[in-house]
Amino acid sequence: MKIYFLPKDKVKLLVESVLDEFQVFGAKAKEMKFEFGKIDTAAELRLDYNTTILPPVKTFFPNDEKILEFKPNGQTTSVHENSKKVLFGVHPCDIHAIEMMDNIFSTPPEDKHYLERRKDSIIIGINCNTPCSDKILCYDKGTYKADSGFDLMFWDNGESYLVEVVTSLGNFLASKFSYFFNFFTEYSGDFHEFKSEYHKRQDFVFEKKLTRKISELPEAMRQSYESELWHEVGAKCLSCGSCNIVCPTCYCFDVKDVVDIDLAGGHRCRNWDSCQNLDFACVGSGENFREKSSQRNRHRVFKKEVYLPQNKGYSGCVGCGRCNTACIAGISLIDIYNNVFSEEV
Amino acid sequence: MKPKLAMFSFTSCEGCQLQILNLEDELLSILNAVEIVNFREAIDEKAQDYDIAFVEGSITTPEEIEEVKDIRSKAKLVVAIGACACLGGVNAMKNFFPLDFVRNEVYKEKASCFPTLPVQRVGDVIKVDYEMHGCPITKKEFLHVTKSLLLGIPLKQIHYSICTECKTAGNVCLFDKGETCIGAITRGGCDAICPTFGDGCEGCRGFVDEPNFEGMIQVLADRGLTKPEIKNKFTYFNGLDVIETINDKIEEFVK
Amino acid sequence: MEADFIKMETGYVPVEAKITKITQPTEYEKVFTLDFPHKEHLKFLPCQFVMVSIFGFGEAPISICSSPDDEEFQLCVRKVGSLTNKMHSLKVGDFIGIRGPYGNGFPVEVLEGKDLLFTAGGLGLAPLRSLIRYVLQNREKFGDFTLLYGARSPHDRLFADEISEWETSEFVDFHETVDIGEENWMGNVGLITSLFPMIGIDPEKTIGVIVGPPIMYQFVVREMLKKEITDKNIFMSLERRMRCGLGKCGHCQMNGVYVCQEGPVFNYVDVQAIQEAI
Amino acid sequence: MKKLDINVHHLTRVEGHGNVVVNYEKGKVENFQLQIVESPRFFEVMLQGRHITEAPHITGRICGICSVGHTTASLKAAEKALGITPSEQTQEMRKVLLNAEFIQSHVLHACFLVLPDFLNVGSVIPLAETHPEEVKRALRLKKLGNDICEVLVGRHIHPVSMTVNGFTRIPSESEFEKVRKMLLDSEDDILKMVALFKTLKMPDFVNDTENIGLTSDGEEFCLYDGKITSSYGKIIEDENDYLELIKERVVEHSSAKHVKGEGETYAVGALSRLNLSAEKLHPKAKVLVEEFGLELPNYNPFNNNVAQVIETVHCFYDSIERIENLLEKGIKQENYKDYEVKAGRGAGACEVPRGILFHDYEIDEKGIIVKANCIIPTGQNLANIEKNMRKLVPEIIDKPKEEITHSLEMLVRAYDPCISCSAHFLDVEFV
């Protein structure tokens, strides 16, 4: 592991150099919010952003992704995109989400479409000095910091960043640009001490939102299966699907064919889908296995907090707060979790 | 034999037909695949023999009732296009006023020679095989529907909301900007064009199946909208669908 | 070249299968016999399914209705959606896309040496036929074999030719009923549960298998339990919506279980722990 | 003398529904009417009880083809009622959008609806076979108009982001840049279209008339804003006083609610605008007046087709200049919500492809509309079309019936009638 030292006023130069050789994705301003998207100029890239509208992980799992092409002669080809991408400035919660999606899509049978996009991508993380909003629960979830899942990590050190290099890809990038720029000097201080000081400052500004420990959540949640709570949530919910679309760990999708205007060729693509849609669990014969909004809401939360912990050993919620922000009806996971905690006997 | 396609227009702005003419890149390919036999806005031909009839506009006069019935009897498939045909659309605002008042207001002493009926959807008068929503329809959906009809693919209504598409587009939510919108319970399919261009959804594609009206009213009331404002939002395009059901709910939910 | 081929096989790309025979048992169902370019594509277990695709019309999960030991590979397709409608318009010699097989399939070894009580409702007979034929082809490995079948009406009965064989066969004790009778129907009329009083089984050594429409499971399970078959000896195959077949798209999920991966065949003990299952 | 009875049911290749009924006997027009069978939609009533900010979107739906125009007139009326003057950037953008609507509408009319008459094919479908290059080029030009609206305001039919005092979304500089490039890339197509129309000969026919349109003392060829001007001399400075010139009236012999200006009938539209202020056209359009041999003022209604082609060229070059100016000044993110709602009345007039358009609203202190009125171009032209026909029929009466019918259709078509927005016309049986 190497630690570099990067003065903040040199960041723009670094981004410019990276842009010369890679596709760069990062946060940029969109009205009064931020979006995570392709960066065209170094000036666009913002490292001082709060949660982006859509999460970085969707770079590897885009909506309306072409997966197959079919030609009039019956020939079918699988479509894969593989371009070297740099995700510049990813928050720890989103790094956790990417790690989780990596695991989901690489669990056999693997999803080559995701993995191809992901394969050569370099992830540059940036730690959070302050919480993004009051809708987040990354502090409770422990996802306000990340130990893995990135190639480089930027640590704010006042006038400069400390750049932590953890992978060979990260090393590749850092050394590539340290050759071009002389400001990449190795950091001589005690990095462990720096880190613990940094986290102490975070402890001071980040707030715990849940009334109990996160480790108690799956069990408390299991107990709530028949709770009245879900009917209350269901009554409020407009089944609009926003929570799923903005979630960095929602990966349900629909597959559809699009035929060309010549009616012969075309392609098959997959689109983001939402388990809150009325017909999400409808079968051909018309039976709907989650016809009530309360059931669908419960399914969304249980998938994150019961099923994934049970099947995979991790929670499906990284506490980024996007769903809480997106819900115009005011449904919030923070409230749901706390209600579940208070109900449990 | 190319399938014969006919376009008909009733009470409307004819924008949906124009949307079809606006498919500049695809128009010539469409002409290769189908024979357009009736399209008053573009061509002289007027045939009585057609397979697929696209019908635009609401039904508002006795003559239109007869004409649309005649179309049904001749066409194998009838597709209602646009908010006017599928929902009543903006035309339905007329139904909130007494008909005599409406006529007198515009035509004064000549009002009596003016036949007009309460606005109806095409589907209220004849059986419709598919409803292509929107004010106007989207070019994308017209292409999708036309290709599907030609290939014999059964058509299904889009089931997800405008919000799904709006979030997918990565938009800043109208509510975050202090605006309101009824995209959460409106049927998707337009790629959330209005919110994308900074304007709230007005519901031109009709409501999703099983819309949560109570929840939506509550959300709007929480944002400070008054009863008439909420009513106006719901009746912009969907007057025929909601005017009775929604009134009581608005009374109940809005202080 | 070879690596490419393997990659394609593991993704969404189907192999082309040729339709060699079509029969139509009912107004809404057709049975398609398929021929594959390579024999290994035919390897599967009873109650597994494949994703059938026709470009432009999409994909749908379809159960395999032939036995692994059959020479022929067959799918029984009910006309319900865009893909299945299109399939019904296809002719012998046409091609369709197939990927799979997917799902766990039936654990045939647990049946060996046991008495069998199979219950099929409606289209559920299609996937179960795979197992029925397998049992009949390997009859010596199993004990008594009772088969119950319920259709909506006499003209909704699937595989009528085979049913006639089963009726007279000494290898299977076959009973059937229809929900709604017709003038020329001489058989039973009533729900499938009405067949249970007619049968006698040894609960100690009987394995129950249920495949049918969602509404049926609760009632048939109750009958089986009444016959004192234990939880762990009851198996069922469940239907869910599927988009990928690869345990990703989320549509087939019931609680924490992806039916396309961990199902469609479940033991009743496990089903009881899955609230959304039946 | 022959007796002629022509009844063209559902005139084709016009926007909206119109029937032509002529009954010619004993050497004079016995009975004549351009019937409007389009069912009325009562927008003036529908607007009552709606908030003034809703009006532009509702009235934009009066007509799919003049959607930007209706929205613009409605916005101007609303802003007048509220006492708002929108920013220069807003006004410039609106002018670009109107230009785009003119391009798309004029190209649709000239190349798809009119051209088949001159090339002797029934419609654009056979035209696509006989003149594929011309059709493809026209499609590209029509698309240009649509695409400009798509980039700037979401779509042409019922534009999304046009709102009171500005835009709900202001396009980025790169989007303006894109529009500029789209325009520049189309220059060749525009020039070829002009060349094609130069080869066509319009029928000879003259019928003197009053013209009404917007004019200014300044340099601008007025489409968005100006004084309401009659060629007979009267000029209305304040849009709110438009009724001093434009008089709605009920005519006994016609069921339609007619409009008159200084004289009994008047014309609006491309040819009227050229008659009123051709000298202010963009230089590249102005030279075409002479190249087409168009002597102004011109009273051959068929020349409206030519005037449209000239205006298309004007709108094209005018848009490029306006966008370049906007880009030079830099695009500002302005807040449209920056105004107070108060009671008032406002009328807005602007030119749309078919002529001058008026919207007029009265609102209460909460901004709720209590009274509304719209006067659309086709309504204004209707009496003039009838007048032309009364003169034309005797001139061509010796020709075969089909030819007469065709000529009358061509005449109506030349006015590019947008009948669907004719909220005021009745369908009355003639005996």
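Predicted, not measured: the structure shown is a model, and the values here were computed from it. Quick note on labels: first sequence line is chain A, next is B, and so on, each numbered from 1. All values below come from the heavy atoms of this structure, side chains included, with hydrogens, waters and symmetry mates left out.
Only the backbone of D/V153 comes within less than 4.5 Å of a heavy atom of chain B; no side-chain atom from C-beta onward does. Residue contact with chain D, scored on non-hydrogen atoms closer than 4.5 Å, involves the backbone and the side chain of B/Y236 alike. With a 4.5 angstrom heavy-atom cutoff, D/E150 touches chain B via backbone and side-chain atoms both. Residue D/I368: no heavy atom, backbone or side chain, is found under 4.5 Å from chain B. B/C84 touches chain D through its side chain: at least one heavy atom from C-beta onward sits under 4.5 Å away, while N, CA, C and O do not. With a 4.5 angstrom heavy-atom cutoff, B/L28 touches chain D only via side-chain atoms. Using a 4.5 Å cut-off between heavy atoms, D/L152 touches chain B through its backbone atoms (N, CA, C, O) alone. Interface residue B/L27: only side-chain heavy atoms are found under 4.5 Å from chain D. Only the side chain of B/E179 comes within contact range of chain D, with at least one heavy atom under 4.5 Å from a heavy atom of that chain.
Residues passing the ring-ring contact (aromatic ring centres under 6.0 Å, His included) test with D/F167: none are found, sequence neighbours excluded.
Heavy-atom pairs under 4.5 Å with chain B peak, among D/P171, D/S161, D/G154, D/G145, at D/G154. Put simply, of B/N232, B/D199, B/V90, the one with the most heavy-atom pairs under 4.5 Å next to chain D is B/N232. Taking chain B as the reference chain and counting heavy-atom pairs below 4.5 Å, the highest number among D/Q104, D/Q48, D/H51, D/K371 is found for D/Q48.
With D/D189 as reference, D/R140 is the one residue of D/R140, D/K136, D/R137 to meet the side-chain hydrogen bond (donor to acceptor under 3.5 Å, both in side chains) rule.
Defined by atom type and a distance below 3.5 Å, a donor-acceptor pair is present between the side-chain atoms of B/T235 and D/R50. For the 3.5 Å distance criterion, the side chains of D/E175 and D/S172 qualify, holding a donor opposite an acceptor.
Between B/D49 and B/K74 there is no salt bridge, since none of the side-chain N atoms of the basic residue sits less than 4.0 Å from a carboxylate O of the acidic one.
Heavy-atom contacts from other residues, nucleotides or ligands closer than 6.0 Å to NZ of D/K366 number 12 or fewer.
A distance of 8.0 Å separates CZ of B/F237 from CD1 of D/I58, quoted to the nearest 0.5 Å.
Of all heavy-atom pairs spanning D/H158 and D/R155, the tightest one is O-NE, 2.8 Å.
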